[in-house]
Chemist: 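One structure, pasted below without further comment.
None of these values were measured; they are calculated from a predicted model. In the text below, chain A, chain B and the rest are named by the order of the sequence lines, each starting its count at 1.
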Protein chains: 2
Amino acid sequence: MSPTLEQVAALAGVSRATVSRVVNGSPKVLPDTVAAVERAIVELGYVPNRAARALVTRRTDSVALVVPEPDSRVFSDPFFAGILRGVSAALAPTSSQLVLLIEPSAGDDQRLLRYLRGGHVDGAIIVSHHGRDNVLQELAQLPLPIVFSARPLGVEVPVASVDVDNVAGARTAVEYLLSKGRRKLGTVAGPVDMTAGIDRLTGYQLVMAEEGLPEAVAYGDFTADGGEQAALKLFDEHPDLDGLFVANDLMATAALRVISQLGRRVPQDVAVVGFDDSVVATTTTPKLTTVRQPVVQLGTRLAEILLAKINGADLTGPEIFSTELIIRGSA
Amino acid sequence: MSPTLEQVAALAGVSRATVSRVVNGSPKVLPDTVAAVERAIVELGYVPNRAARALVTRRTDSVALVVPEPDSRVFSDPFFAGILRGVSAALAPTSSQLVLLIEPSAGDDQRLLRYLRGGHVDGAIIVSHHGRDNVLQELAQLPLPIVFSARPLGVEVPVASVDVDNVAGARTAVEYLLSKGRRKLGTVAGPVDMTAGIDRLTGYQLVMAEEGLPEAVAYGDFTADGGEQAALKLFDEHPDLDGLFVANDLMATAALRVISQLGRRVPQDVAVVGFDDSVVATTTTPKLTTVRQPVVQLGTRLAEILLAKINGADLTGPEIFSTELIIRGSA
DNA sequence: TTGTACGCGTTATCAC
DNA sequence: GTGATAACGCGTACAA
């Protein structure tokens, strides 16, 4: 069994209370006493009992990363991986641990909400891309510090969130295509129940409207297969496209294949720009020109905001990061 | 503040002890009493306090997923994503939560070990691909239920582990190339400090030896860049290769590009087989023929074994899963 | 500055 | 079958 405060106190020749003060860095302990206690701590290999501490402080020193979608796609998503890295990096110097909460099956919302309400964690980061989930609204109203990655669709109450400027990112992509002299621009958009899908389409539409150019849109679901269907449909309806903005890299790889099967060359005949700058962006021929989002940074900020809220800060509203166009071979 | 056992007991007109029995499903409670208590629980929205419970039971109802490598690559690795899905699926019906432990920077081993020794979790799953880490040995000897994903290199004590049969998987790939009439086979191997790197190379070497064929090996580091270097070196030294086994998909995508830049066609001139069946396998042209490993299943089994060990089972030794060849366009 | 004593919410061991 | 009651390890008023 691991040693307790009591044993450390006995060895150091002081009381439990004093040891506790040393452990928690109280300023009013004599240097000599501190030294003695610390020696005892090292000698015994003392580690505070988290449960006992949590019981009295009502802090668990752990935060949750919630993925309220049974949709397994989230994991293979490089976005999620980046968020994870950022969050864990920000938490590292802290005493807080990261608890992963994944909704195993659709409709198991209550279990999740109960857990969060049960005081098992000090706060939660919600990583959800799909809107319309009525869970989001409930999550937002929990009496618990919460931060959303991406502004949650359909949630009316003010919440703290961190996101990338998808509209601006899409604009950059489309404007880049224009700068290359392309005028017949189409887009493979994402699902309209995700902010990323909506906003990136909006960015495209805004530029097209400003330029007085006609739109050409097909919808995919952010998967390779969906992207393929959408690209086929798009080129079927608009065979003369000379530029294409695809709402994410995975669909863009499919578009590349479709274009080549149609006997057209990238980027000579059709220039293609993706979004994400994920691993797949460099596995294609030619490599993808794409819009990079600072995912790790997003995760870091998410954790920082949450920790601040846990410590009483009153932060609400979105915090927006900008994107960067990464130019490779496809456009 | 959330309600306590005491309050539930008061409302139900019974004692704390009885409520506790109901909550924990003790068989010896009168049905009527159970009903009354359950009603009170629902009415109050009672949720057991984890800290208080952990304090007395000495069980935390949480297990750790440990990534003892500051190497950020792990996250973008589809392998990790699959493991995560499997583990969390297996944990879902349980009361156990998943705590993610990531070593923020090299050499911070002590912090990790202290945490694990501190009784904050009931057990741990170690996801480590690199060997040579002296942490692994220490982890293996912790007085805590532990399971390794992949047999830990350099660890002498017997441990529980779950892995895929990398040697057999590589054999399948190479034998498939042979069955296609290819005889000049090369391989882009992974790093020799990872079991996956070593074993996949071994599989290739075994088949070549059996067939009395000469080896052609170049080493990469499982990244696209590393794969490119290795492929260039390999074709420089062996320009006449007609078949290539690459130890992972990411490097295989780079090999595809190199081969095409060399003016040779895939699969007509050079047939290529990868390993992993990750997302990138379908983003290339042609799509990759590759060896799929059941990552989700691996994760599930990892969690199952850990839970069994926590409950007292004495499981040690490796558990091996088999792979499957997925035939696409590259071979 | 340090020690004493109580309470945090549960589970477990007794009696009844 | 059910109810007292003693731990579990720690933080913190309060007293000294």
Chemist: Roughly, in whole Å, what's the span from CZ in A:R59 to C1' in D:dT12?
Modeler: 17 Å

Chemist: Could you state the atom-to-atom distance from CG of A:D32 to C1' of C:dT1 in whole Å?
Modeler: 12 Å

Chemist: What nucleotide, of C:dG3, D:dG11, D:dT2, holds the atom closest to the side chain of A:A17?
Modeler: C:dG3

Chemist: Would you say B:R50's side chain and B:D61's backbone share a donor-acceptor pair under 3.5 angstrom?
Modeler: yes

Chemist: When all nucleic acid strands are considered with a 4.0 Å heavy-atom cut-off, which category describes A:V29: base, sugar-phosphate, or nothing?
Modeler: sugar-phosphate

Chemist: May I have the distance from A:Y46 (atom OH) to D:dG11 (atom C1'), rounded to whole angstrom?
Modeler: 10 Å

Chemist: What is the distance, rounded to the nearest whole Å, between atom CZ of B:R53 and atom C1' of C:dC8?
Modeler: 16 Å

Chemist: Between A:T18 and C:dT2, does any side-chain N or O lie under 4.0 Å from OP1 or OP2?
Modeler: no

Chemist: Tell me: CG of A:N24 to C1' of D:dG9, nearest whole Å?
Modeler: 13 Å

Chemist: Specify the separation, in whole Å, of atom CZ of B:R16 and atom C1' of D:dG1.
Modeler: 18 Å

Chemist: Can you sort out the partners of A:R16 under salt bridge (Lys or Arg N to Asp or Glu O under 4.0 Å), two or more places apart, ordered by chain and number?
Modeler: A:E6

Chemist: Ignoring the backbone of B:T4, work out which of D:dG9, D:dG3, C:dT10 is nearest its side chain.
Modeler: C:dT10

Chemist: To the side chain of B:N49, which of D:dT2, C:dG9, C:dG7 is closest?
Modeler: C:dG9

Chemist: Less than 4.5 Å apart, any side-chain heavy atom of A:L5 and any of A:Y46?
Modeler: yes

Chemist: Can you tell which of D:dT2, C:dC8, C:dT10 lies closest to the side chain of A:L55?
Modeler: C:dC8

Chemist: Please figure out whether B:G13 or B:A52 has its closest DNA chain D nucleotide nearer the 5' end.
Modeler: B:G13

Chemist: Could you tell me whether the side chain of A:R50 has a donor or acceptor atom within less than 3.5 Å of a complementary atom in the base of D:dG9?
Modeler: no

Chemist: Select base, sugar-phosphate, or nothing to describe what A:V14 touches, counting heavy atoms under 4.0 Å on all strands.
Modeler: sugar-phosphate

Chemist: Answer with base, sugar-phosphate or nothing: what part of the nucleic acid does B:L5 contact at a heavy-atom distance below 4.0 Å?
Modeler: base

Chemist: For the backbone of A:A51 and the side chain of A:N49, can you confirm whether one donor and one acceptor N or O come within less than 3.5 Å of each other?
Modeler: yes

Chemist: Using whole Å, report how far CZ of A:R58 lies from C1' of D:dT12.
Modeler: 14 Å

Chemist: Tell me yes or no: between the side chains of A:T60 and A:D122, is some donor less than 3.5 Å from an acceptor?
Modeler: yes

Chemist: Answer with base, sugar-phosphate or nothing: what part of the nucleic acid does A:S20 contact at a heavy-atom distance below 4.0 Å?
Modeler: base

Chemist: Just compare D:dC10, C:dT10, C:dT4 and give me whichever is closest to any side-chain atom of A:S15.
Modeler: C:dT4

Chemist: Taking atom types as they are modelled, would you say the side chain of A:R21 forms a donor-acceptor pair with the base of C:dG3 within the 3.5 Å cutoff?
Modeler: yes

